[in-house]
Amino acid sequence: MTATPEGPPKLGTTLFSLTLEMRRPDYSLERMIRRVAELDLGPGLEIVGFQSIRDWPRLSDRFVADFRALLDECELVPTAMSMNLDLALRRDRRLTEEEALSYLEAQMEAAHALGFAIGKSAILSTRSFVEGLARIAERLEMRFGVEVHSPESVDSPHVLELRELFEAVDCPLLGFVPDFSASMRSIPPMLVEAHRASGMPPALIELVSEVWESDSSMPEKFARFAEESERLGATPGERGKLNMVLTMHGRMDPRRWEELLPRVVHVHGKFYGIDERGEEPSIDYPTIVDVLVRGGYSGFISSEWEGHAYTDAVSGWEMCRLHHDLLQRLIVEAQERLVRAR
Amino acid sequence: MGPLDKDVVRDDALSATAEGYALEIHSHWYRALPLTSLAVVELELDGERIDPAELVVEANGKRFRFEELAERYDEWWFTTDPVTLHIPAADPRRGEHHVELELGLRIPYLLIGGPDGEPLLASSHTDKTLVCA
């Protein structure tokens, strides 16, 4: 007996993890997808449309037919299509709300044609935009999720606003995509290493780590870091890079994802590195997986390795394989704990 | 500092043409961007600044003046494609040249401080000596 009649969370991979592998001159989407299957990194497959598909979201009939046949052959399931809302597409003005909705609608239609069940993007937090999005999701019978990525958290002002809007519009197809960058236990060791290697003064790295670990709000952290880093003689470039450390890695208690679970449509298994014991040193995966299994989440977790932003010394494929091993082990352990607790 | 920055100007990026020099650049952003994103091209060739207004930018087989890019939100720079900067020069020399490039990409979906904010300007700096083919 488990608390999840539909089963535990299912695994998958986002091709975003293979950002560097996709930059090779001989890149082909087909080869990437075949490799996901060969390495058993499915069954879920997530793609960033604007990253992996030329001319996205304009797709030829031939592309759509080939894509669907390939996924069938590889026994992969298209999970989430990661889309973008390019509000500043034009230089002269921002997209209007109507244009912004059309921009996402075209991407939802393309994702639907390829067989994806979920679209994911940032959105405008107005009632009329969310209503328009609900109409698109209902028409295409797709779900739609807004990513909750650091510096956002389950109760940051923007996410609270969206939670209220989703309730008000009362469309069960709309929800969130937790990204574990928001609930980390430390700055990734590989990121610290990358900064050291690039010549960042050790005193500044120590300072940003100390500020990161302090129990204060984001604005307070930025203010303290600005003040103390200036005293240490940081250049604007150094300050900018280390500000990104504070922005991109949140310190929310991972148990707090629980309150978002009823609205979770997909999950980003963000990670930066797997150590020799098979653990993610900067993210408390045992607790996170426990929250998901206990809470009955039966959707997909896409392995999302972001270490490629800092190093090309390791293979994204190998990292995703290690991450799958970690998730598989933790899901089994969490299920066993659940059974024992009864 | 990221791996994609190393690849903005590859070792074989510079060539001599009938009009001057051609410098192939690759994007340091992970996804395709509209040409409106190609906002800052501060280029020095052998210590001499190239006025962006003199550049002809070739993308997807089409040629644009640098200022024209501001209106080309319908044309996309795909992740694996180079964009070629055509630099006018009367007498292009083969052999070693020093290239310094500040490439600034205006990221159309990352608006600082919310939907009314300015787009993030993601910069990448290159300082390299290349052999011109």
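Residue A:H158: no heavy atom, backbone or side chain, is found under 4.5 Å from chain B. Contacts of A:L89 with chain B are made by both backbone and side-chain atoms, with heavy-atom separations under 4.5 Å. Proximity to chain B is absent for every atom of A:R93, based on heavy atoms less than 4.5 angstrom apart. Proximity to chain A is limited to the side chain of B:D81, based on heavy atoms less than 4.5 angstrom apart. Contacts between B:S123 and chain A at a heavy-atom distance below 4.5 Å are absent for every atom of the residue. For chain B, the nearby part of A:Y27 is the side chain; its heavy atoms alone come within less than 4.5 Å. Looking at A:L95, neither its backbone nor its side chain comes within 4.5 Å of chain B, counting heavy atoms on both sides.
No more than 12 heavy-atom neighbours from other residues, nucleotides or ligands sit within 6.0 angstrom of CD on A:E98. Atom CD of B:E96 has 12 or fewer neighbouring heavy atoms from other residues, nucleotides or ligands inside a 6.0 Å radius. The environment of A:R62 atom CZ is sparse: at most 12 non-hydrogen atoms of other residues, nucleotides or ligands sit within 6.0 angstrom. For B:Y73, the OH atom counts as loosely surrounded, since its 6.0 Å shell holds 12 or fewer non-hydrogen atoms of other residues, nucleotides or ligands. Heavy-atom contacts from other residues, nucleotides or ligands closer than 6.0 Å to CD of A:E318 number 12 or fewer.
Applying a 4.5 Å heavy-atom cutoff, none of the residues of residues 97-105 of chain B approach chain A. Residues of residues 120-133 of chain A having a heavy atom under 4.5 Å from any heavy atom of chain B, listed by number: A:L124.
Here the closest heavy-atom approach between residue A:R91 and residue B:L38 is recorded as NH2-O, 3.3 Å. The nearest pair of heavy atoms linking A:T311 to B:P3 is C-CG, 3.5 Å. Considering all non-hydrogen atoms of both residues, B:T80 and A:R54 come closest at OG1-NH2, 3.8 Å.
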**Study point:** Residue pair B:W76, A:R58: steps toward the side chain to side chain contact (heavy atoms under 4.5 Å, CB included) verdict
**Key:** CA-CA 12 Å; B:W76 292 81; A:R58 292 173 300 278; 3.9 Å; yes

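The side-chain hydrogen bond (donor to acceptor under 3.5 Å, both in side chains) check on B:E75 picks up B:N60, B:K62, with sequence neighbours excluded.
Using a 4.5 Å heavy-atom threshold, the side chains of B:L4 and A:D312 count as separate.
Chain A forms more heavy-atom pairs under 4.5 Å with one residue of B:D7, B:T36, B:D74, B:L69 than with any other, namely B:T36.
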Distance-only donor-acceptor pairs under 3.5 Å for side chains of residues 106-119 of chain B, two or more places apart:
residue: B:R106; atom: NH1; partner: A:A88; partner atom: O; Å: 2.8
residue: B:R106; atom: NH2; partner: A:R90; partner atom: O; Å: 3.3
residue: B:Y109; atom: OH; partner: B:W29; partner atom: NE1; Å: 3.0
residue: B:Y109; atom: OH; partner: B:Y30; partner atom: OH; Å: 3.1
residue: B:E118; atom: OE2; partner: A:R94; partner atom: NH2; Å: 3.4

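Rounding to the nearest 0.5 Å places OG1 of B:T79 at 12.0 Å from CZ of A:F50. Considering NE2 of B:H28 and CZ of A:R23, their distance stands at 10.0 Å, rounded to 0.5 Å.
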